Protein chains: 2
Amino acid sequence: MNYTIKQVSEKTNLKPHVLRYYEREGLLPFVDRSESGIRRYSEEDLEWLSLICCLKNTGMAIKQIREFVELSLQGKETLKERCSMLEDHKKEVEVQIVGMQKYLCKVDHKIKYFTDQYEKYLAGSSENGAVSHGSD
Amino acid sequence: MNYTIKQVSEKTNLKPHVLRYYEREGLLPFVDRSESGIRRYSEEDLEWLSLICCLKNTGMAIKQIREFVELSLQGKETLKERCSMLEDHKKEVEVQIVGMQKYLCKVDHKIKYFTDQYEKYLAGSSENGAVSHGSD
DNA sequence: TCTTGACTTAAAGTTAACGTTAAGGTTTAC
DNA sequence: GTAAACCTTAACGTTAACTTTAAGTCAAGA
């Protein structure tokens, strides 16, 4: 089964020009072409794309994804290296997630504080004259 | 208690020129100056910065942070709006986190797959001639 | 046959978020 | 009192990741 760039675009939510851009950048260097030069994506290409999106959406830079792809092209001798790349990336993502959760708590605190302030404001804004630009 | 730009830089891990950039972009528009024009950050400024970093590090664009700051400057009438901005952002961050966790699973799967492949490869790479560029 | 629309390329443009440089004023240490 | 280490502004440069444009090829339908 083969897919046109448009079909892949719809499946992946990546616009055609982005798919071409990724290919140009070496993220997907094995896409087949028809006689007239039209891209024909295979199921395997789609699976690759899925991994690429996964890495990209967890913050891996395109440059680094390209390195990963280049290693893959070199065959099984690079399996260990690829593995450790993914493990490093995994750790980074875990750190990101923990950080995010921490920040989320802070945002939550702020929301509660603002909600309180808003209620006080509704109750009657006259009895408090303290001026602040809202950082507290 | 007041701080120089360098002290704030050390406290926040934001370089001086970034602090000036943020100020220029309207993220911190109330920093006091000495007679000779040198920035004197107050505790309140630091708290603001901490919120700004929080929003920035969870992916809010500087433009949007500026909107938030502008609302804050308008006083308590904007409390509700600010609150809903934060709530919207909170939801986005939650979505991000869930997405990340999903992708993390996929990365984990890949790692396991590669580890398996690597073991097979070590055991003896001769009995399998299937060629793949490694997407599976 | 003509034209419409999807595909192709190369190359230039855009945006966000800094980073760097130049040219100069101020404060602190010896 | 002078040199180093700060500070200031303005303006230009960089990087990543697209995005758009221009110019062309190709196949199908009226």
Side-chain angles (χ1 to χ4, degrees), chain A residues 2-42 45-46 48-49 51-70 89 92-93 96 99 103, chain B residues 2-42 45 48-49 51-70 89 92 96 99 103:
Chain A
N2 284 330
Y3 306 93
T4 67
I5 202 167
K6 202 184 179 192
Q7 288 169 324
V8 176
S9 170
E10 279 154 10
K11 271 176 187 286
T12 58
N13 286 318
L14 297 170
K15 297 215 174 118
H17 72 254
V18 177
L19 290 168
R20 292 190 203 106
Y21 165 68
Y22 283 177
E23 198 177 326
R24 222 173 28 250
E25 293 298 313
L27 268 50
L28 205 56
F30 19 74
V31 178
D32 205 32
R33 302 292 183 105
S34 77
E35 269 187 26
S36 54
I38 288 171
R39 286 173 181 79
R40 293 273 145 204
Y41 294 85
S42 67
D45 292 333
L46 289 187
W48 257 109
L49 257 179
L51 178 59
I52 286 164
C53 288
C54 173
L55 296 176
K56 223 199 60 62
N57 291 330
T58 48
M60 191 183 276
I62 283 181
K63 212 174 185 174
Q64 228 187 325
I65 300 177
R66 176 172 46 217
E67 279 173 39
F68 182 85
V69 172
E70 278 163 5
H89 184 62
E92 279 170 38
V93 175
Q96 271 183 71
Y103 284 125
Chain B
N2 285 329
Y3 305 93
T4 67
I5 203 169
K6 202 187 182 193
Q7 289 170 325
V8 177
S9 171
E10 278 155 9
K11 272 176 187 285
T12 58
N13 286 318
L14 297 169
K15 296 215 176 117
H17 73 255
V18 176
L19 289 168
R20 292 187 205 108
Y21 165 69
Y22 283 178
E23 199 177 323
R24 226 174 23 253
E25 294 298 312
L27 268 50
L28 205 57
F30 19 75
V31 178
D32 205 32
R33 302 292 183 105
S34 77
E35 268 188 25
S36 53
I38 288 171
R39 287 173 181 79
R40 293 273 146 203
Y41 295 84
S42 68
D45 292 333
W48 257 110
L49 257 179
L51 178 58
I52 286 164
C53 288
C54 173
L55 296 175
K56 224 200 59 61
N57 291 331
T58 48
M60 190 183 277
I62 282 182
K63 213 175 185 174
Q64 229 187 325
I65 300 177
R66 175 171 49 215
E67 279 172 39
F68 182 84
V69 173
E70 277 164 5
H89 184 61
E92 279 169 37
Q96 272 184 71
Y103 285 125

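Reminder, nothing fancy here: chain letters follow the sequence lines and each chain counts from 1. Given the structure is predicted, the values throughout are model-derived calculations rather than measurements. When reading the values below, keep in mind they use all heavy atoms of this one structure, side chains included, and skip hydrogens, waters and symmetry mates.
Counting only heavy atoms from C-beta on, A/Arg20 has its side chain closest to C/dT8 among D/dC18, D/dC7, C/dT8. Counting only heavy atoms from C-beta on, B/Tyr21 has its side chain closest to C/dA17 among C/dA17, C/dC7, D/dC18. Considering only the side chain of A/Ile62, D/dA17 comes nearest among D/dA17, D/dC7, C/dC7. Checking D/dC6, C/dC18, D/dA27 against every side-chain atom of B/Lys6, the shortest atom distance belongs to D/dC6. Among the nucleotides D/dC26, C/dC18, C/dT8, the one closest to the side chain of B/His17 is C/dC18.
Among the atoms of the strands shown, none is found under 4.0 Å from any heavy atom of B/Ser34. Nucleic acid contact for A/Arg33: sugar-phosphate only, since backbone atoms but no base atoms lie under 4.0 Å from a heavy atom of the residue. Within 4.0 Å of A/Lys15, counting heavy atoms only, lies no atom of the nucleic acid at all.
Taking atom CD1 on B/Ile5 and atom C1' on D/dA5, their separation rounds to 15 Å, with Å as the unit. Summarising the geometry, the separation between CZ on B/Arg40 and P on D/dC6 is reported as 14 Å, rounded to the nearest angstrom. A straight line from CD of B/Gln64 to P of C/dA16 spans 12 Å, rounded to a whole angstrom. The NZ atom of A/Lys63 sits 15 Å away from the P atom of D/dC18 (whole-angstrom rounding). As a whole-Å value, the separation of B/Leu14 CG from C/dG19 P is 10 Å. One interatomic measurement links the two molecules: CD1 of A/Ile65 to C1' of D/dC18, which rounds to 14 Å at whole-angstrom precision.
Look at B/Thr4 and you won't find any side-chain N or O under 4.0 angstrom from OP1 or OP2 of D/dC6. Contact between the side-chain N/O atoms of B/Tyr22 and the OP1/OP2 oxygens of C/dA17 is not found at any separation under 4.0 Å. Checking the phosphate oxygens (OP1, OP2) of C/dT9, a side-chain nitrogen or oxygen of A/Arg39 falls inside 4.0 Å. For C/dT8, the OP1/OP2 oxygens have no side-chain nitrogen or oxygen of A/Ser36 closer than 4.0 Å. Between A/Lys56 and the phosphate of D/dA16, there is no side-chain N or O to OP1/OP2 separation shorter than 4.0 Å.
Considering CG of A/Leu49 and CG of A/Asp45, their distance stands at 7.5 Å, rounded to 0.5 Å. The CG atom of B/Asn57 sits 3.5 Å away from the OH atom of A/Tyr103 when rounded to the nearest 0.5 Å. Taking CD1 from A/Ile52 and CZ from A/Phe68, the interatomic distance works out to 9.0 Å, rounded to the nearest 0.5 Å.
The 5' end of DNA chain C is approached more closely, in terms of each residue's nearest nucleotide, by A/Gln7 than by the other of B/Ile38 and A/Gln7. Ranked by how close their nearest DNA chain D nucleotide is to the 5' end, B/Arg24 and B/Pro16 are led by B/Pro16.
With hydrogens and angles ignored, the 3.5 Å screen pairs a side-chain donor or acceptor of B/Arg66 with a backbone N or O of B/Glu25. A donor-acceptor pair under 3.5 Å is absent between the side-chain atoms of B/Glu23 and the main chain of B/Val31, judged by distance alone.
Within the helix from C/dT1-D/dA30 to C/dC30-D/dG1, the inter-axis angle between the opening and closing five-pair segments is 10°, rounded to 10°.
With contacts defined as side-chain heavy-atom distances shorter than 4.5 Å, the pair A/Ser9/A/Leu14 does not qualify.
Across B/Arg39, B/Glu10, B/Lys11, a single residue satisfies side-chain contact (heavy atoms from CB on, under 4.5 Å) together with B/Tyr3, and that is B/Lys11.
In this structure, B/Lys63 does not pair ionically with B/Glu70, as no charged nitrogen and carboxylate oxygen lie closer than 4.0 Å.
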